[in-house]
Amino acid sequence: ATAALPSMAAAVALAAAATVATATGQARSTQSAQAIAAVAALCAAEEGGDEEAAALYKQAYSIEKEASGLRAPNLALYLQMLSVVYHRQGKFEAASLTLEEAASVLEAVRGPSHASVAAVRQVIAKLQTSAAPTLDVEQALGFSSDSAAPPSSPGKMEIMQTSLDLGALKLTKPTRPSFVADASD
């Protein structure tokens, strides 16, 4: 079997993440976790990219947990996205257990009565039934894969809030074969 190669966009995002981490001296920071999660999303969108995506979501989770602690909202997001990948792979029990952990994080961050906790718990319940193979976990969690969905939908808002803001990063024209961040700002 041939391993899926990351797309050009994934390679650029990973290079940008490495540049940000190197320029700021924070190789294991929230920004690094966000960039890795963005690359994971790109891998998950590609045919055969689920294994790579799962590994990257786990890495983003680990980095975020180390950088921000157990009460970081992004931990739940990375776990939810990992559960989507597990579900696509037919790993329904792993998807359910991963969502249990995401629900625990959400409860700690937003409180047990928050709507996001209830939504995750509903998906967990559905994963534990015979409907698990046909369940659209991504949609059930509010992560619409439909680009026509309004950007104000809860899933898209959370994803937009966690995406890496490269607008503040100035990349200068390289004088050698790699990109160098302009840290003068």
Side-chain angles (χ1 to χ4, degrees), residues 1-24 26-68 70 72-103 105-106 120 123-124 127 132-147 149 155-156 158-166 169 171 177-179 181:
T2 306
L5 296 175
S7 68
M8 180 56 101
V12 169
L14 195 53
T19 301
V20 169
T22 303
T24 62
Q26 298 176 342
R28 294 189 64 81
S29 67
T30 297
Q31 290 83 9
S32 295
Q34 291 171 350
I36 290 167
V39 174
L42 290 170
C43 291
E46 292 182 14
E47 186 71 31
D50 283 342
E51 286 296 324
E52 180 87 16
L56 290 169
Y57 281 128
K58 289 176 189 176
Q59 184 180 5
Y61 172 85
S62 174
I63 291 169
E64 183 74 29
K65 184 176 172 183
E66 182 181 307
S68 302
L70 291 172
N74 284 349
L75 290 177
L77 177 65
Y78 302 149
L79 290 168
Q80 289 175 39
M81 296 310 295
L82 178 58
S83 75
V84 169
V85 172
Y86 282 157
H87 182 267
R88 275 200 309 252
Q89 294 175 323
K91 299 176 181 177
F92 306 125
E93 186 175 350
S96 181
L97 292 172
T98 302
L99 283 177
E100 284 286 352
E101 190 172 349
V105 171
L106 287 171
V120 170
V123 175
I124 293 167
L127 279 172
T134 59
L135 180 64
D136 185 345
V137 175
E138 192 169 7
Q139 183 179 23
L141 289 171
F143 301 111
S144 175
S145 57
D146 178 11
S147 59
K156 287 210 174 198
E158 286 187 301
I159 291 170
M160 288 189 309
Q161 289 170 357
T162 61
S163 62
L164 180 64
D165 180 12
L166 294 177
L169 177 68
L171 295 177
S178 64
F179 286 98

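- Residue pairs satisfying the salt bridge (Lys or Arg N to Asp or Glu O under 4.0 Å) criterion with at least one member in residues 75-85, sequence neighbours excluded, are absent.
- Evaluation of the side-chain hydrogen bond (donor to acceptor under 3.5 Å, both in side chains) rule for E100 yields R121 as partners, not counting sequence neighbours.
- When every heavy atom of R88 is checked against every heavy atom of D50, the shortest pair comes out as NH2-OD1, 2.8 Å.
- Interatomic distance, I36 CD1 to K58 NZ, rounded to the nearest 0.5 Å: 14.5 Å.
- Residue A37 comes nearest to Y78 through the heavy atom pair CB-CE2, 3.4 Å, listed as atom of the first residue, atom of the second, then distance.
- Minimum heavy-atom separation, L141 to S83: CD1-OG, 3.9 Å.
- One distance of note links CG of L79 with CG of N74; it measures 10.5 Å at 0.5 Å rounding.
- For CD of Q89, the number of neighbouring non-hydrogen atoms (other residues, nucleotides, ligands) closer than 6.0 Å is greater than 12.
- The shortest distance between side-chain heavy atoms of V123 and H87 does not fall below 4.5 Å.
- The closest side-chain heavy-atom distance from C43 to L56 is below 4.5 Å.
- Smallest separation of non-hydrogen atoms from A40 and A53: O-CB, 3.4 Å.
- S96 contributes no side-chain N or O that, together with a main-chain N or O of E93, makes up a donor-acceptor pair within less than 3.5 Å.
- Annotation for V120 and A103: closest pair CG1-CB, 3.9 Å, computed over non-hydrogen atoms.
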side-chain contact (heavy atoms from CB on, under 4.5 Å) between L106 and Q80, intermediate numbers included: CA-CA 11 Å; L106 287 171; Q80 289 175 39; 3.6 Å; yes

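- The line from CD of E66 to OG1 of T30 is 10.5 Å long, rounded to the nearest 0.5 Å.
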Trace of the side-chain contact (heavy atoms from CB on, under 4.5 Å) decision for V85 with Y57: CA-CA 9 Å; V85 172; Y57 281 128; 4.0 Å; yes

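- Within the 4.5 Å cutoff, the side chain of Y86 has heavy atoms near those of the T98 side chain.
- Checked against side chain to side chain contact (heavy atoms under 4.5 Å, CB included), A132 has the following partners two or more places apart in sequence or in another chain: F92, L127.
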